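Working notes, beginning with the structure itself.
Bear in mind the structure is a predicted one, so any value in this text is a computation, not a measurement. Any value given below was found using the heavy atoms of this structure, including those in side chains, with hydrogens, waters and symmetry copies removed.
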Amino acid sequence: MQTLRPRGMPSGLGLSIKLLIPYSTRAAAASASAVTAADIVSNSRCLPLPSLSSFILSSLGRRDNYSHSRFLPSRRCFSLGVRMSEEGVSYISQREATEIDEILMGPLGFSVDQLMELAGLSVATSVAEVYNSSIYSRVLIICGPGNNGGDGLVAARHLYHFGYKLFVCYPKRTDRPLFIGLVTQLESLSIPFLSTEDLPQNLSDKFDLIVDAIFGFSFHGSPRPPFDDLLQRFVSLNTIDKKAGSPPVISVDIPSGWHVEEGDVRGVGFKPDMLVSLTAPKLCAKKFLGPHHFLGGRFVPPVIKDKFGLQLPQYPGTSMCVRIGKPKAVDISALRENYVSPELLEDQVMADPTDQFLKWFDEAVAAGLREPNAMALSTSRKDGKTSSRMVLLKQVDKEGFVWYTNYGSRKAQDLSQNPFAALLFYWNSLNRQVRIEGTVQKVSVEESEKYFHSRPHGSQLGAVVSQQSSVIGGRALLHEDYRDLEAKYSDGSLIPNPEYWGGYRLKPILFEFWQGQPSRLHDRLQYSLTDVEGNQTWHIVRLAP
């Protein structure tokens, strides 16, 4: 055993490294354990350790030059000159990123697959935070040959379990066991792997969302085939000044092709819609102008934060991602969509509006929309003051549209004064909305009780506890009442339907079916009740958009 002090280090700093001369990978791990986290973070700003980290990290495997180097050896020089963003978040250099990864992978005991799993999960949760799977369902993840690509493979697995439909393009595979295992995991989920030849020239044709997991923070040089062509396809999507229908692009850690510190110095022109920085944002992220910047990888311990002077945002709750800064300011007046939909023609719709509603409702369910039965309910009092809120449709037939609520709520008070209301269903991804107006009355007690006892046990307790719209002293009081009631009915006995809770039925007198169309020339078909020879019939007219 030999005690070494790094060359050039003053003798009074108290750092000694016990180096066991290793003969195998296992011995290398043993020698690594002799260097503690305290050794790493307690001393000089610049500690050149020329061989120890190189040997340990090489035993764990190396990244090629397409990927950010979680285990590339480098001179261990701890620079505390970390630059800060306007929001007080640290942005780190390539050297600092490499140093941090070496410490994580060495004395702090993280393995490659652990960091990759955390990184991929962070990317997936960031995507899910912004892009709803019911709208952005078809996700293409393009993976490079290094660990950045591995992060993408992990993200693909998690996004699949989050409800997205995944496609993976992995043109230059890595034959290391870790990567082979990640591919096997995706194949077991029947996630298709596409070659570059399988991809359409215009990625908008088949995908709603694209994840760029090609190059990481150690990439240098110019992109080579097939990745140079793929980056040009990203550029053509014009993801900052978005063209109608262009899928957003999410970059993992840095936008592929960018210099890790200086940004798009090669003039690639690639501008992603979202950037998910890992560990800490790299300096090039200051050049990122997209609306969504997230930080992922909730694994940086205090010793590293202290040593590098890192200021990182707090992760909310149990989330694996956190937004950096505010979303980019948007000119609200410039927000617009050019709707493209099938025509809605008079001779193609049902004669009865309830039948037409049920047809559209079934199509909304089939499209996988979240809560297609959610509707805005608008009511007003005698003085004309109007209020709206979202409620859930629970029954519909030729007799009307039914929802349930507390009879002491604001909407119930409105309806007691003015038994007339309006409903609005909005199915955004289908470019459709339905407006319904009519008279309202309570459903029968028997009908309310039947529905009440069909609800989950917790929902029944919540309906009893909540005196809806009344002022309460705090959330804790509400939960205390809930726990008391929960204990009271813990034996599984029947919870009586309270007299102050029940249903309403709106009997329609007017429907409007709206279908979004290009250039704001929307289709609007209105059904209204008309008396014909003493019989009430539905009359259809077209309204100007």
Side-chain angles (χ1 to χ4, degrees), residues 4 6 9 13-20 22 25-63 67-80 82 90 92-123 146-148 150-151 154 178 216-218 253 277-282 295-315 320-322:
L4 301 179
M9 190 189 88
L13 291 179
L15 172 64
S16 64
I17 299 174
K18 296 180 180 179
L19 177 61
L20 216 64
T25 300
R26 183 172 298 178
S31 69
S33 66
V35 187
T36 67
D39 291 332
I40 293 294
V41 301
S42 63
N43 292 287
S44 157
R45 285 192 177 193
C46 189
L47 306 179
L49 306 184
S51 60
L52 176 62
S53 63
S54 301
F55 184 87
I56 296 171
L57 298 173
S58 65
S59 72
L60 295 168
R62 298 176 184 267
R63 293 187 174 217
S67 63
H68 54 89
S69 172
R70 288 204 183 108
F71 23 71
L72 278 176
S74 68
R75 184 171 178 266
R76 188 176 294 278
C77 181
F78 298 133
S79 168
L80 296 185
V82 180
S90 301
I92 61 176
S93 67
Q94 183 178 29
R95 173 185 289 178
E96 290 161 337
T98 303
E99 300 284 352
I100 291 170
D101 270 358
E102 286 186 351
I103 298 173
L104 288 170
M105 294 286 298
L108 294 185
F110 283 89
S111 64
V112 187
D113 51 342
Q114 282 181 317
L115 293 177
M116 193 175 290
E117 184 67 27
L118 291 169
L121 178 58
S122 299
V123 172
N147 280 20
N148 196 261
D151 296 340
V154 173
L178 171 58
F217 70 69
S218 70
D253 207 22
S277 295
L278 299 173
T279 306
K282 313 307 178 286
L295 177 64
R298 193 175 186 168
F299 50 72
V300 180
V303 289
I304 287 183
K305 290 182 181 179
D306 293 343
K307 182 62 186 181
F308 289 87
L310 296 182
Q311 293 190 29
L312 301 177
Q314 291 292 320
Y315 287 82
M320 287 299 297
C321 64
V322 58

Nearest 0.5 Å please: distance from the CD atom of Glu117 over to the CG atom of Asp151.
10.0 Å
Spacing of CG belonging to Asp101 relative to CG belonging to Leu108, to within rounding of 0.5 Å:
11.0 Å
On a heavy-atom basis, the closest approach of Leu312 and Thr279 is CD1-O, 3.7 Å
Measure from the side-chain N and O atoms of Ser122 to the backbone N and O of Met320, and report whether any donor-acceptor pair falls under 3.5 Å.
yes
Can you check side chain to side chain contact (heavy atoms under 4.5 Å, CB included) on Ile100 and Leu310, steps first, answer last?
CA-CA 11 Å; Ile100 291 170; Leu310 296 182; 4.1 Å; yes
Separation between CZ of Arg298 and SG of Cys321, rounded to the nearest 0.5 Å
10.0 Å
Hey, could you give me the CG/CE distance between Asn147 and Met116, rounded to the nearest 0.5 Å?
3.5 Å
Short side-chain to backbone donor-acceptor contact, Lys282 and Ala280, under 3.5 Å:
yes
Just verifying a value: how many Å separate Phe217 CZ and Thr98 OG1, rounded to the nearest 0.5 Å?
4.0 Å
In short, Gly109 meets Gln114 closest at the heavy-atom pair O-OE1, 3.9 Å
Going from CD1 on Ile304 to CD on Glu96, what distance comes out if it is rounded to the nearest 0.5 angstrom?
12.0 Å
Identify the two heavy atoms, one from Pro313 and one from Val322, that lie closest to each other, and give their separation to 0.1 Å.
CG-CG1, 3.7 Å
Can you see which heavy atom on Phe299 is nearest to which on Phe110, and at what distance?
O-CZ, 3.8 Å
